[in-house]
Amino acid sequence: TPRVFSGIKPSGGLTLGNYLGAIKRFVDMQGGEFETIYCVADMHAITVWQDPEELRQATREVTAGFLASGIDPESSVLFNQSRVSAHAELGWLFNCVARVGWMNRMTQFKDKAGKNAEKVSLGLYAYPSLMAADILLYHATHVPVGEDQKQHVELTRDIAAKFNHDYKVDFFPACEPVIEGPAMRVMSLRDGTKKMSKSGESDMERINMTDDADTISKKFKKSRTDPEVLPEEMEGLANRPEARNLVNIYAALANMTGEEVLAEYGGQGWGKFKPALAELAVEHLAPISTEMKRLMDDPAEIDRILAKGADKANEIAQPILNKTFEIMGFVR
Ligand code: TYM
């Protein structure tokens with residue numbers, strides 16, 4: 001069976017961007033034609049400083065987010081990365097396959113490092129090679145991610161191809177990013193040109209998966225918009241980033257296309273659309289946030305689920321790592 005792999009960094013709380021761009025789609029891919037493997041990428045989180053207690057907390061929160069949204073640990077493999085040491089091992093092997101020039105092209109690194117590239121961790125720079133290890137350790141072929149991770153999945157293909165070429169094997173499969181639907185890049189609620197992220201300054205910019213009903217509703221009602229009414233077609237939103245973002249969020253939550261949303265709301269003003277969006281979001285997200293809080297009250301149960309998931313992950317990963325060592329000529 002073809003495999004799906006994806007992960008989320010526990011570097012703070014989860015946002016609506018993580019939910020619509022990743023988790024909701026992970027749930028949709030579960031229980032069908034794929035074997036699904038989902039990872040709380042704790043080793044990726046430490047590429048920037050994490051307070052140890054906060055890392056523990058965030059690891060449990062991301063796990064609770066997965067579970068509350070409908071990831072079933074019986075039908076998907078759900079685990080935290082650091083528990084499966086094969087990730088770190090294959091990551092090192094891939095550091096020796098990937099080229100510095102490839103890493104230099106990673107736009108996320110350039111954005112995150114900014115002018116401070118001398119001061120960031122070496123891990124932040126090498127991070128895409130660990131991500132390639134995450135995926136290829138399971139011979140996964142489908143990688144559901146948001147738009148911002150596309151380049152890293154493409155790099156994973158390059159690493160797999162170079163490994164196969166250098167060692168004259170056909171061992172690591174090609175993988176493809178699965179980026180579809182209306183919310184592959186959810187934007188800030190205050191600035192439609194900026195990605196919604198866990199680290200944005202103001203809490204009003206984002207919906208957190210732990211926000212309660214009143215907060216969700218308030219944030220949508222206060223979100224930035226323009227004075228125009230909604231158009232009948234998506235083209236009409238080309239130069240209206242805030243408006244387009246809200247329509248896309250509505251579409252993703254309602255399992256509709258943007259066009260379908262506009263067929264319903266075209267010609268209407270914000271006075272009609274915003275309350276409808278707020279209501280839809282509350283209906284969808286408030287039960288998840290309530291369930292997350294319930295789960296987080298029992299960290300021992302979360303840890304037990306992660307430990308069991310790691311055992312299952314190990315069973316798949318270890319033979320693939322062993323084979324990789326053999327191909328490369330290590331005496332074992
Ligand atoms: P991370 O933790 O930054 O984000 C997790 C997932 O959420 C998506 N996402 C968004 N999608 C739409 N709109 C947004 N505003 C938004 N913000 C975040 C991301 O695209 C991602 O899919 N390196 C990865 C984690 C990772 C991984 C992997 C992913 C580690 N190993 C292997 C796939 C395969 C990351 O930092 O995602």
Side-chain angles (χ1 to χ4, degrees), residues 3-26 29 36-48 50 55 58-59 61-63 65-66 69 77 79-82 84 87-88 90-91 94 106-109 111-112 123-124 126-157 159-160 175-189 191-200 205-209 241 244-245 248-249 252-253 313 317:
R3 279 196 189 121
V4 164
F5 184 97
S6 199
I8 296 186
K9 273 185 324 231
S11 53
L14 292 166
T15 68
L16 182 65
N18 298 128
Y19 180 68
L20 295 177
I23 301 178
K24 182 171 185 292
R25 300 164 58 234
F26 299 172
M29 291 179 104
T36 44
I37 306 175
Y38 299 124
C39 166
V40 183
D42 48 8
M43 294 207 300
H44 280 275
I46 60 161
T47 52
V48 298
Q50 301 294 327
L55 178 62
T59 301
E61 184 181 322
V62 172
T63 310
F66 275 120
S69 304
V77 178
F79 71 107
N80 57 318
Q81 187 186 27
S82 62
V84 179
H87 288 254
L90 189 63
F94 284 171
M106 295 295 115
T107 57
Q108 194 177 63
F109 177 78
D111 291 347
K112 285 199 176 175
L124 188 71
Y127 158 120
S129 134
L130 180 61
M131 179 162 155
D134 298 341
I135 297 165
L136 295 174
L137 199 46
Y138 301 89
H139 280 188
T141 49
H142 294 71
V143 187
V145 284
E147 184 67 44
D148 61 329
Q149 294 296 323
K150 182 167 184 239
Q151 197 185 29
H152 294 158
V153 182
E154 286 164 358
L155 180 90
T156 301
R157 290 172 69 91
I159 291 178
C175 60
E176 54 179 272
V178 183
I179 302 175
E180 55 203 26
M184 294 305 97
R185 193 171 167 81
V186 177
M187 309 310 273
S188 156
L189 298 182
D191 176 352
T193 63
K194 253 179 51 188
K195 197 181 77 169
M196 182 184 288
S197 82
K198 338 179 190 204
S199 54
E205 289 177 24
R206 62 181 166 267
I207 305 288
N208 304 299
M209 281 186 72
R244 186 175 61 229
N245 188 43
N248 281 335
I249 290 173
L253 285 169

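Excluded from the calculations below are hydrogen atoms, water molecules and symmetry mates; all remaining heavy atoms, backbone and side chain alike, are included. Read the numbers this way: they start at 1 and go in the same order the structure lists the ligands and their atoms.
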> Give the numbers and elements of all ligand 1 atoms closer than 4.0 Å to a heavy atom of Ile135.
32 (C), 34 (C)

> Tell me: protein heavy atom nearest atom 3 (O) of ligand 1, and distance?
Lys9 NZ, 3.5 Å

> Between Asn245 and Ser188, what is the shortest heavy-atom contact and its length?
ND2-O, 3.8 Å

> Please work out whether the ring planes of Tyr138 and Phe79 are parallel, tilted or perpendicular, with thresholds of 30° and 60°.
tilted

> Check Glu180, Met29, Gln149, Lys24 against Pro144 for a side chain to side chain contact (heavy atoms under 4.5 Å, CB included) and give me the one that passes.
Met29

> What are the atoms of ligand 1, with element, lying closer than 4.0 Å to any heavy atom of Tyr127?
23 (N), 24 (C), 35 (C), 36 (O)

> Heavy-atom contacts with Ala22 under 4.0 Å: which atoms of ligand 1 show up? List them by number with element.
6 (C), 7 (O), 22 (O)

> Judged by non-hydrogen atoms, does Pro10 sit under 4.0 Å from ligand 1?
no

> Which heavy atom of Leu16 sits nearest to which heavy atom of Val186, and what is that distance?
O-CG2, 4.5 Å

> In terms of residue, atom name and distance, what is the protein heavy atom nearest to atom 4 (O) of ligand 1?
Asn18 ND2, 3.4 Å

> State whether the shortest distance between N or O atoms of Glu147 and N or O atoms of ligand 1 falls below 3.5 angstrom.
no

> Considering the heavy atoms of Lys198, write down every atom of ligand 1 situated less than 4.0 Å from one of them.
2 (O)

> Relative to the heavy atoms of Ala183, which atoms of ligand 1 are at a distance of less than 4.0 Å?
12 (C)

> Considering non-hydrogen atoms of the protein only, which is the closest contact for atom 37 (O) of ligand 1, and what is the distance?
Gln149 NE2, 3.7 Å

> Is any N or O atom of Asp148, backbone or side chain, closer than 3.5 Å to an N or O atom of ligand 1?
yes

> Are any of the N/O atoms on Gly17, whether in the backbone or the side chain, positioned under 3.5 angstrom from an N/O atom of ligand 1?
yes

> In this structure, which one of Lys195, Lys112, Arg185, Lys9 forms a salt bridge (Lys or Arg N to Asp or Glu O under 4.0 Å) with Asp148?
Lys195

> Looking only at protein heavy atoms, identify the closest one to atom 25 (C) of ligand 1 and say how far it is in Å.
Gly7 O, 3.4 Å

> Show me which atoms of ligand 1 lie under 4.0 Å from any heavy atom of Met184.
11 (N), 12 (C), 13 (N)

> Write down the atom of Met106, the atom of Pro128, and the distance for their closest heavy-atom approach.
CG-CG, 4.0 Å

> May I ask you to decide if His87's main-chain N or O and Gln81's side chain share a donor-acceptor pair within less than 3.5 Å?
no

> Just say parallel, tilted or perpendicular for the rings of Tyr38 and Phe66, cut-offs at 30° and 60°.
parallel

> Side chain, backbone, both or neither: which part of Cys39 has a heavy atom under 4.0 Å from ligand 1?
neither

> When you look for heavy atoms under 4.0 Å from ligand 1, do you find them on the side chain of Leu20, its backbone, both, or neither?
neither

> Which atoms of ligand 1 sit under 4.0 Å from any heavy atom of Gly21?
11 (N), 12 (C)

> For a side chain to side chain contact (heavy atoms under 4.5 Å, CB included) with Phe5, tell me which candidate from Asp134, Leu136, Thr141 qualifies.
Asp134

> Taking N or O atoms only and a 3.5 Å limit, does Phe5 qualify as a polar contact for ligand 1?
no

> For atom 22 (O) of ligand 1, which candidate among Ser199, Ala252, Gly146 provides the closest heavy atom?
Gly146

> Suppose I only count heavy atoms of Ser6 and a 4.0 Å limit; which atoms of ligand 1 are within that range?
29 (C), 33 (C), 34 (C)

> Going by distance only, is there an N or O of Val186 that falls short of 3.5 Å from an N or O of ligand 1?
yes

> Where on Asp134 is there a heavy atom closer than 4.0 Å to ligand 1, on the side chain, on the backbone, on both, or on neither?
side chain

> I need the minimum non-hydrogen distance between Pro10 and Leu55, along with the two atoms involved.
O-CD1, 3.7 Å

